[in-house]
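Report on the structure given below.
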Amino acid sequence: MRILIAEDDEALGKFVSQGLESEHYRVDLCKDGEQAQLAATSSEYDLVILDLNLPKVDGVSILRHLRLKKPSLPVLILTQRTRVEDRVQCLDTGADDYLAKPFSFTELTARIRALIRRSHLPSESVLTVADLKLDRVQRIVERAGLKIELTTKEFALLEYLMRNVERNVTRSMIIEHVWNLTFDTTTNVVDVYINYLRRKVDDGHPTKLIHTVRGVGYALRAPAEVAAVEVRA
C-alpha cells in the first residue's frame, strides 16, 4: 500500500517515512503543501498523512481540495496543534483522524491500519490467487498456509502482480508502479526482484504462479489460466 506524507520537518518526516517503510508500506514524502497537493491529486494513494503547518499551501486548504477531488481518500492529520477548535475544524472539513504531536509511532501505525481497513472492502484488503494470499492491511503473505517473509520492495512487487493477475505487465510498468521511477533500459532490478520472489513464492510448489512473458515482461497467473494459455499455445 502507498502512503503520502506531507511534513516540512525534515527529521520527523524521515523518521515516519523510514518507520512505515520498515512495515512494508510504500512511502512518498513531500516537504511543502504545494508539492503535497499536486502529488495527492495526480497519483494514487491509500492514505495521506497531513501536517497542518506546511509552507506554500497549508494543510486545511489541501484537505478541502482533496475532499473535492478525492472524497474517499483517507486523510490522517498529524500536527502540533492541540486545540479542540483545530480538531473540530479538520474533522468537519473531512479529515478521517487527528493525531497530535508528540505521538507514539505504534499508535500512528495502529491508526493507519484502522483507516485502511475501513476504506477497503474485504476483497480489496486481501488478495488471493490460487493458494497464495496477500493481506494488504496486516502485511502478511502466505502460500498453502505457510507464511512468507518479504522485504518492502518484494511485498510491493508481489502486490502489484496480484492486483494485475492474469495480465502481462512490462518491466517499465513495474518500475513505475513499484519503484516510482522512469524505466532505465540498462537496469535489471526488475529481473533480480522477480527471481527473489520466485524463490520465496514458487520454489517447493508444483504449480508456478510467476511467469516470464517473452518480449513483454512478467505475469502472475492462477493455475487454470496457465493451463488455458498452454493449450492455446
Side-chain angles (χ1 to χ4, degrees), residues 1-127 134-140 152 155-156 159 163 180:
M1 288 191 174
R2 191 176 179 187
I3 295 176
L4 174 67
I5 300 173
E7 174 58 66
D8 65 330
D9 184 323
E10 185 174 352
L12 179 60
K14 186 176 181 180
F15 167 74
V16 175
S17 178
Q18 290 179 342
L20 293 178
E21 286 176 345
S22 72
E23 297 202 6
H24 306 300
Y25 293 103
R26 295 162 56 201
V27 180
D28 293 334
L29 177 61
C30 294
K31 298 177 182 179
D32 66 65
E34 188 175 82
Q35 183 185 30
Q37 182 167 289
L38 177 61
T41 305
S42 60
S43 301
E44 292 300 318
Y45 291 97
D46 294 284
L47 178 78
V48 174
I49 298 176
L50 182 63
D51 185 19
L52 296 180
N53 300 318
L54 292 169
K56 297 186 179 180
V57 181
D58 68 274
V60 174
S61 297
I62 295 173
L63 181 58
R64 290 195 184 99
H65 177 80
L66 288 179
R67 283 300 159 252
L68 290 173
K69 299 294 184 179
K70 295 187 174 182
S72 62
L73 175 64
V75 177
L76 186 155
I77 302 298
L78 186 63
T79 180
Q80 290 181 335
R81 299 185 191 176
T82 58
R83 298 187 310 159
V84 173
E85 294 87 343
D86 292 319
R87 291 194 183 95
V88 170
Q89 180 188 25
C90 288
L91 293 172
D92 283 347
T93 304
D96 297 277
D97 202 353
Y98 192 107
L99 183 61
K101 304 172 185 176
F103 60 93
S104 161
F105 184 76
T106 55
E107 180 182 2
L108 173 63
T109 55
R111 287 171 182 253
I112 289 172
R113 290 192 295 271
L115 287 176
I116 292 175
R117 276 197 303 271
R118 292 201 296 267
S119 66
H120 289 81
L121 297 173
S123 60
E124 296 175 325
S125 298
V126 179
L127 305 177
L134 182 147
D135 189 320
R136 302 177 68 212
V137 176
Q138 299 299 324
R139 320 299 296 176
I140 295 172
T152 299
F155 188 97
E159 179 185 355
R163 291 179 70 178
N180 300 322

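Nothing fancy with the numbering, it's 1 onward along the sequence. All heavy atoms count here, side chains included; hydrogens, waters and symmetry mates do not.
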What do you reckon, is [atom1] of [X] surrounded by more than 12 foreign heavy atoms closer than 6.0 Å?
| X | atom1 | answer |
| --- | --- | --- |
| Glu107 | CD | yes |
| Glu34 | CD | no |
| Gln80 | CD | no |

Please assess Leu127 against Arg163 for the test side-chain contact (heavy atoms from CB on, under 4.5 Å), listing each intermediate value before the final yes or no. CA-CA 7 Å; Leu127 305 177; Arg163 291 179 70 178; 3.5 Å; yes

[Y] side chain reached by [X] side chain, heavy atoms, under 4.5 Å:
| X | Y | answer |
| --- | --- | --- |
| Arg2 | Ser43 | yes |
| Ile77 | Asp86 | no |
| Ile62 | Val48 | no |
| Tyr25 | Thr109 | no |
| Asp32 | Leu54 | no |
| Arg136 | Asp46 | yes |
| Leu29 | Val16 | no |
| Ile5 | Leu78 | no |

Check the pair Leu76, Leu108 against side-chain contact (heavy atoms from CB on, under 4.5 Å), reporting the backbone distance first and the verdict last. CA-CA 9 Å; Leu76 186 155; Leu108 173 63; 4.1 Å; yes

Got a second to check how far [X]'s [atom1] is from [Y]'s [atom2], nearest 0.5 Å?
| X | Y | atom1 | atom2 | result |
| --- | --- | --- | --- | --- |
| Gln37 | Lys56 | CD | NZ | 12.5 Å |
| Asp51 | Cys30 | CG | SG | 12.5 Å |
| Leu115 | Arg113 | CG | CZ | 11.5 Å |
| Ile140 | Leu134 | CD1 | CG | 10.0 Å |
| Ile116 | Arg111 | CD1 | CZ | 14.5 Å |
| Asn53 | Asp8 | CG | CG | 7.5 Å |

What heavy-atom pair brings [X] and [Y] nearest, and what distance separates the two atoms?
| X | Y | answer |
| --- | --- | --- |
| Leu50 | Gly59 | CD2-O, 3.3 Å |
| Leu68 | Pro71 | O-CD, 4.3 Å |
| Ala36 | Leu4 | O-CD2, 3.7 Å |
| Ile3 | Tyr45 | C-CD2, 3.7 Å |
| Cys90 | Leu63 | O-CD2, 3.5 Å |

Please test Leu52 against Val60 for side-chain contact (heavy atoms from CB on, under 4.5 Å), starting from the C-alpha separation and ending with a verdict. CA-CA 6 Å; Leu52 296 180; Val60 174; 4.0 Å; yes

Report the C-alpha distance between Gln89 and Tyr98 in whole Å, list the side-chain angles of each, state the deciding distance to 0.1 Å, and finish with yes or no for side-chain contact (heavy atoms from CB on, under 4.5 Å). CA-CA 11 Å; Gln89 180 188 25; Tyr98 192 107; over 6 Å; no

Salt bridge present between Lys101 and Asp9 (N-O < 4.0 angstrom):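 Salt bridge between Lys101 and Asp9, a charged N being under 4.0 Å from a carboxylate O: no.
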
Presence of salt bridge, Glu10 and Lys14, under 4.0 angstrom: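 Not counted as a salt bridge, because no side-chain N and carboxylate O are separated by less than 4.0 Å.
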
Using modelled atom types only, decide if a donor and an acceptor are shared between the side chain of [X] and the backbone of [Y] within a distance under 3.5 Å.
| X | Y | value |
| --- | --- | --- |
| Arg67 | Lys70 | yes |
| Glu159 | Met1 | yes |
| Asp96 | Val75 | yes |
| Asp58 | Ser61 | yes |

For Phe105, all residues meeting ring pair (Phe, Tyr, Trp, His ring centres under 6.0 Å), sequence neighbours excluded: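 Result, ring pair (Phe, Tyr, Trp, His ring centres under 6.0 Å) vs Phe105: Phe15.
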
